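Notes follow the structure.
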Amino acid sequence: MTKPRIVFFGTPEFACTVLQALLDEGHQVVAAVSQPDKPVGRKHQIVSTPVHALAEENGIPVLQPEKLRAEADTILAYDPELVVTCAYGQIVPESILKYPRLGCVNIHPSLLPKYRGGAPIHHAILNGDDRTGVCLMEMVKKMDAGRVFACHEVEIGEDMTGEELDLKLKEESIRIIREELPRYIAGELEGIEQDEEKVVFAPNISREMEQVHFQDEDVNTAYNHIRALIDWPISYGVLEDRRFKFYKARKEIREHDHAPGTVLGFENGAMNIAAKGGIIKIYELQPEGKKRMSADQFANGAGRGLTGKVFE
RNA sequence: CGCGAGGUAGAGCAGCCUGGUAGCUCGUCGGGCCCAUAACCCGGAGGCCGGAGGUUCAAAUCCUCCCCUCGCAA
């Protein structure tokens with residue numbers, strides 16, 4: 001039996017894992033669609049999206065329309081029998097959704113209907129969940145709302161960072177492609193409608209959401225906040241009008257009398273910050289305008305003298 | 001010309017405004033103390049102060065240009 005002609009839609013690193021898995025499994029990927037390459041960084045250099053780069057390496061034609069709707073015909077010219085998407089970043093118009101004989105499926109890293117949207121991995125940790133997963137699902141007009149064909153659960157460790165969970169979910173995505181996609185293609189998977197009552201949205205992390213507010217967040221919330229955003233997009237605290245990014249942290253639950261946000265000092269390689277109901281211990285940070293460094297290095301230099309100051 | 005911070009010993013920083021023997025914490029090396037130590041005490045090594053010009057009797061410090069790093073914004 002010949003493999004169906006697949007057009008893949010995806011943009012970031014996570015989608016690359018899925019694309020690579022398709023290739024490793026011998027699927028016939030006839031084209032890749034990704035968001036347009038954009039200028040990035042201080043020098044405004046154009047950087048390829050990860051999917052663009054990977055597709056190019058494998059000699060797969062890449063399409064990067066600004067507006068997908070306008071280029072639908074170009075994509076359909078590749079005559080896909082199946083569309084696979086993962087973190088593409090644009091709404092896929094109906095003209096494409098209804099074209100492939102085998103339909104359009106999406107790989108989504110959450111336990112739908114929980115965490116529809118662009119940042120399901122981050123939100124799972126932000127909410128302190130102990131499990132999440134990866135779904136193979138039907139694409140419909142409404143974002144992440146289609147029937148779920150298969151779902152693999154993944155445990156979230158107590159101290160797991162967004163980076164670590166991302167890695168685990170990538171591995172599970174590979175299994176989904178390896179084990180579930182062939183069954184889908186063979187028509188063996190039923191598909192279960194999502195319970196609309198239980199929908200939870202996971203919007204992209206906005207600039208404002210990156211800041212940790214020690215005044216408003218208790219120790220658990222702050223800790224989940226910090227570890228969820230490691231190591232992208234990274235959370236930060238504000239102290240004396242300067243931003244400090246938090247790259248590595250732990251929490252300690254214990255009662256104390258210090259005002260939330262107070263820098264209690266440096267101890268055993270950590271900068272201790274008071275929070276409601278406990279202590280946030282920062283082991284690695286990046287002061288604004290400086291390079292990323294350990295709490296020890298920070299304590300040896302500019303960190304001294306910050307004891308007693310209070311994070312916003 | 002987007003805005004801003006910074007480049008001083010292996011690391012992190014102070015000194016610069018108000019020119020005049022380059023200092024602190026850590027690390028490192030040696031010694032001491034101790035049952036012992038990542039603790040403590042004593043001592044040493046390690047710097048063309050990012051680069052090039054300029055001002056000056058004298059420049060880490062003041063002026064000009066360049067290079068590099070980082071934060072914000074996009």
Side-chain angles (χ1 to χ4, degrees), chain A residues 10-15 33-53 62 64-68 70 87-91 117-119 122 126 161-163 203-217 222-223 225-250 252 254 261-274 279-312:
Chain A
T11 300
E13 195 66 37
F14 197 96
V33 183
S34 191
Q35 291 275 50
D37 296 336
K38 288 190 179 134
V40 163
R42 267 185 292 278
K43 297 191 170 172
H44 277 210
Q45 284 161 340
I46 303 277
V47 176
S48 293
T49 71
V51 164
H52 175 182
V62 181
Q64 298 179 281
E66 194 70 50
K67 291 273 188 186
L68 187 51
Y88 168 54
Q90 278 194 54
I91 298 290
H122 292 128
L126 281 172
T161 63
E163 184 181 29
N204 284 325
I205 306 296
S206 65
R207 302 279 179 203
E208 302 82 65
M209 287 165 73
E210 291 168 15
Q211 184 175 353
V212 178
H213 296 89
F214 288 91
Q215 314 297 329
D216 307 327
E217 302 179 32
Y223 181 58
H225 190 163
I226 292 168
R227 71 190 173 102
L229 271 47
I230 293 171
D231 81 327
W232 188 87
I234 278 296
S235 66
Y236 66 91
V238 176
L239 180 64
E240 308 219 293
D241 291 324
R242 284 209 299 155
R243 290 157 92 119
F244 294 84
K245 292 186 172 184
F246 301 138
Y247 278 91
K248 189 173 178 189
R250 280 291 185 273
E252 185 183 324
R254 76 156 194 257
T262 306
V263 177
L264 302 176
F266 296 85
E267 185 187 27
N268 297 328
M271 173 169 71
N272 292 335
I273 304 173
I279 308 290
I280 293 291
K281 303 168 89 70
I282 302 295
Y283 289 91
E284 222 174 301
L285 70 161
Q286 181 176 23
E288 183 172 328
K290 295 294 184 180
K291 290 192 173 172
R292 178 173 166 176
M293 65 183 80
S294 69
D296 277 334
Q297 290 176 308
F298 186 57
N300 279 337
R304 290 181 299 179
L306 255 46
T307 300
K309 308 287 185 187
V310 181
F311 274 93
E312 288 177 12

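Because the structure is a prediction, the values reported are computed rather than measured. Below, all heavy atoms of this structure are taken into account, side chains as well, without hydrogens, waters or symmetry copies.
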Only pairs at least two apart or in different chains count here, so list each salt bridge (charged side-chain N to carboxylate O under 4.0 Å, His left out) that has a residue in residues 284-294 of chain A.
-> A:E284-A:R292
Mate of B:C40 across any strand shown (Watson-Crick or G-U wobble, both atom pairs under 3.5 Å) is B:G32
Are A:Q35 and A:Q90 close enough that a side-chain donor and a side-chain acceptor fall under 3.5 Å?
-> yes
Under 3.5 Å, N/O pairs linking protein and nucleotides 8-11 of chain B:
{"unit_1": "B:A11", "atom_1": "O2'", "unit_2": "A:Q297", "atom_2": "NE2", "d": "2.3"}

Go along nucleotides 69-74 of chain B 5' to 3' and tag each nucleotide: B for a protein heavy atom under 4.0 Å from its base, S when only backbone or sugar atoms are that close, - otherwise.
-> SBBBBB
Output one line per pair: protein atom, nucleotide atom from nucleotides 36-42 of chain B, and distance, for all N/O pairs under 3.5 Å.
none

Pair A:E312, A:H213: side-chain N/O donor-acceptor within cut-off below 3.5 Å | no
For A:R304 and for A:D296, locate the closest nucleotide of RNA chain B by heavy-atom distance; then report the residue assigned to the nucleotide nearer the 5' terminus.
-> A:D296
When you compare B:G19 with B:C63, how far apart are their P atoms, in angstrom units rounded to a whole number?
-> 12 Å
Selection residues 261-273 of chain A - residue pairs positive for side chain to side chain donor-acceptor pair (under 3.5 Å), sequence neighbours left out = A:E267-A:N272, A:N272-A:K281
Report, one line per pair, each donor and acceptor closer than 3.5 Å where one atom sits in a side chain of residues 239-249 of chain A; sequence neighbours left out.
{"unit_1": "A:R243", "atom_1": "NH2", "unit_2": "A:Y236", "atom_2": "OH", "d": "3.3"}
{"unit_1": "A:Y247", "atom_1": "OH", "unit_2": "A:Q286", "atom_2": "OE1", "d": "3.4"}

Taking atom P in both B:C16 and B:A22, what distance in whole Å separates the two?
-> 15 Å
Any side-chain donor-acceptor pair under 3.5 Å between A:T11 and A:T49?
-> no
Using both distances under 3.5 Å as the test, list the Watson-Crick or G-U wobble partner of B:U64, or none.
-> B:A52
Applying a 3.5 Å limit to both distances, which nucleotide forms a Watson-Crick or G-U wobble pair with B:G47?
-> none
Mind checking who B:U21 pairs with, Watson-Crick or G-U wobble, both distances under 3.5 Å?
-> none
By the Watson-Crick or G-U definition, both distances under 3.5 Å, B:C3 is matched with B:G71
